[in-house]
Amino acid sequence: MASATVYDIMRLALPAEAALVAGSAGLMHQVTWVATLRATPPVFADVRGGELVLLSVDAARSIDPRLTLATMVRRLVQVPVSVVAAIGEIDEADIEAANRVGLPLIRMPADSNVREIEREVKRLITDYEAQLERRGAQLYNLLTQRSIQSEGEGALLETLAEHTAQGVAFYAPNGDIRIQLAQGQAQVALQALRPAASGDHSLLNQQIWVESIAMTSGSTAYSGGYIALAGPRLDEWDRLAARQCAAALALVFARQQAVMAVEERLRGDF
């Protein structure tokens, strides 16, 4: 059976709001399956090692009041599991316990659906390419919905940054930077970049992917600008997400051009 890393799971199976709060050194742990709490003790009887353990802190305590998150982390690392994703309150003692043993600990959104997340993780582990395409389609649908709502380029770039956790920038066709959502080295690298075509770049120890926004006027194709992602490492998901955002931005710009053409015609008629 195929496996994915904790890093893959966070980007391609968990909600975008999920956040790593401890154990960052274990991001490249291989995840072989997903395990959830049993309704009766022992709550982790079926765990064999390498799993993502998905649990509700409140549900665990209702089964056994002694099952604090810190206690579960110390027990699970002995198996050893690869990562714990917890729904509910995570305090400093829990974070300290996870950091001490090097176990990644993820804070899940309060409204997380355990069964749905379990399905997403299993899909990724059993068919990585299909799950990648599925998440790409979901991102494109989200981006196009926001473009239809006329939220503008900034909202689409924020969505891209949220779903990739990379630095993001938008450039005019001449390469001038227009919008940037980045910090640290990624911010400096994106400011120094002057894109002229799609492709890979490397600046200031940052990997950068540039995606051209494809536009057409009649039978003529041209660039409507560029999107760039920057980070210590980029992967297939980053490039796919950039392509989806570029396609959504092309729709925004095409609609803007259509509106401007109508307004120009109406002014001429007037």
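Values below: every heavy atom of this structure, side chains too, minus hydrogens, waters and symmetry copies. Given the structure is predicted, the values throughout are model-derived calculations rather than measurements.
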Verdict with reasoning, Val101 to Val73, per side-chain contact (heavy atoms from CB on, under 4.5 Å): CA-CA 8 Å; Val101 297; Val73 163; 4.0 Å; yes
With no hydrogens and no angle check, is any side-chain donor or acceptor of [X] less than 3.5 Å from a backbone partner on [Y]?
{"X": "Arg194", "Y": "Gly175", "answer": "yes"}
{"X": "Gln131", "Y": "Arg123", "answer": "no"}
{"X": "Thr159", "Y": "Ala155", "answer": "yes"}
{"X": "Ser112", "Y": "Val114", "answer": "no"}

Closest non-hydrogen atom pair, [X] against [Y]:
{"X": "Leu190", "Y": "Ala228", "answer": "CD2-CB, 3.8 Å"}
{"X": "Gln166", "Y": "Gly231", "answer": "OE1-CA, 3.4 Å"}
{"X": "Ala248", "Y": "Ser147", "answer": "O-CB, 4.3 Å"}
{"X": "Asp238", "Y": "Leu229", "answer": "O-CD1, 3.2 Å"}
{"X": "Ala197", "Y": "Tyr226", "answer": "N-CE2, 3.7 Å"}
{"X": "Ile179", "Y": "Gly154", "answer": "CD1-N, 4.0 Å"}

Rounded to the nearest 0.5 Å, what separation is found between the [atom1] atom of [X] and the [atom2] atom of [Y]?
{"X": "Leu143", "Y": "Leu249", "atom1": "CG", "atom2": "CG", "answer": "8.0 Å"}
{"X": "Arg243", "Y": "Ser212", "atom1": "CZ", "atom2": "OG", "answer": "13.0 Å"}
{"X": "Glu236", "Y": "Leu132", "atom1": "CD", "atom2": "CG", "answer": "5.0 Å"}
{"X": "Leu142", "Y": "Arg135", "atom1": "CG", "atom2": "CZ", "answer": "11.0 Å"}
{"X": "Lys122", "Y": "Ile117", "atom1": "NZ", "atom2": "CD1", "answer": "13.0 Å"}
{"X": "Ser56", "Y": "Arg61", "atom1": "OG", "atom2": "CZ", "answer": "10.0 Å"}

Run the side-chain contact (heavy atoms from CB on, under 4.5 Å) test on Gln30 and Thr5 for me, step by step, so that the C-alpha distance in whole Å, both residues' side-chain angles and the decisive distance to 0.1 Å come before the verdict. CA-CA 4 Å; Gln30 295 291 311; Thr5 66; 3.3 Å; yes
Note, [X] side chain near [Y] side chain (heavy atom, < 4.5 Å):
{"X": "Val31", "Y": "Glu51", "answer": "no"}
{"X": "Val53", "Y": "Val83", "answer": "no"}
{"X": "Pro104", "Y": "Leu27", "answer": "no"}
{"X": "Asp91", "Y": "Ile95", "answer": "no"}
{"X": "Val21", "Y": "Ile106", "answer": "no"}
{"X": "Tyr171", "Y": "Ile213", "answer": "no"}
{"X": "Leu105", "Y": "Asn99", "answer": "no"}
{"X": "Leu139", "Y": "Trp237", "answer": "yes"}

Using 4.0 Å as the upper bound for N to carboxylate O, is an ion pair formed by [Y] and [X]?
{"X": "Arg119", "Y": "Glu116", "result": "no"}
{"X": "Arg134", "Y": "Glu120", "result": "yes"}
{"X": "Arg11", "Y": "Asp235", "result": "yes"}

Any side-chain donor near an acceptor of the partner, Glu211 and Trp209, under 3.5 Å: yes
Passes side-chain contact (heavy atoms from CB on, under 4.5 Å), Val84 versus Leu76? Steps please. CA-CA 9 Å; Val84 172; Leu76 288 167; 3.8 Å; yes
Verdict with reasoning, Leu67 to Val43, per side-chain contact (heavy atoms from CB on, under 4.5 Å): CA-CA 10 Å; Leu67 285 178; Val43 293; 3.9 Å; yes
Same cluster or not: [X] versus [Y], using hydrophobic residues (I, L, V, M, F, W, Y) connected whenever any side-chain heavy atoms lie under 4.5 Å apart?
{"X": "Val47", "Y": "Ile63", "answer": "yes"}
{"X": "Val81", "Y": "Ile125", "answer": "no"}
{"X": "Ile9", "Y": "Tyr128", "answer": "yes"}
{"X": "Leu193", "Y": "Val168", "answer": "no"}
{"X": "Leu14", "Y": "Val34", "answer": "yes"}

Give a yes or no on this: more than 12 heavy atoms of other residues, nucleotides or ligands lie within 6.0 Å of atom CG of Asn205.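 Atom CG in Asn205 is not crowded, with 12 or fewer foreign heavy atoms closer than 6.0 Å.
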I want to know whether Phe170 and Phe253 have ring centres closer than 6.0 Å.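 Ring centroids of Phe170 and Phe253 are less than 6.0 Å from each other.
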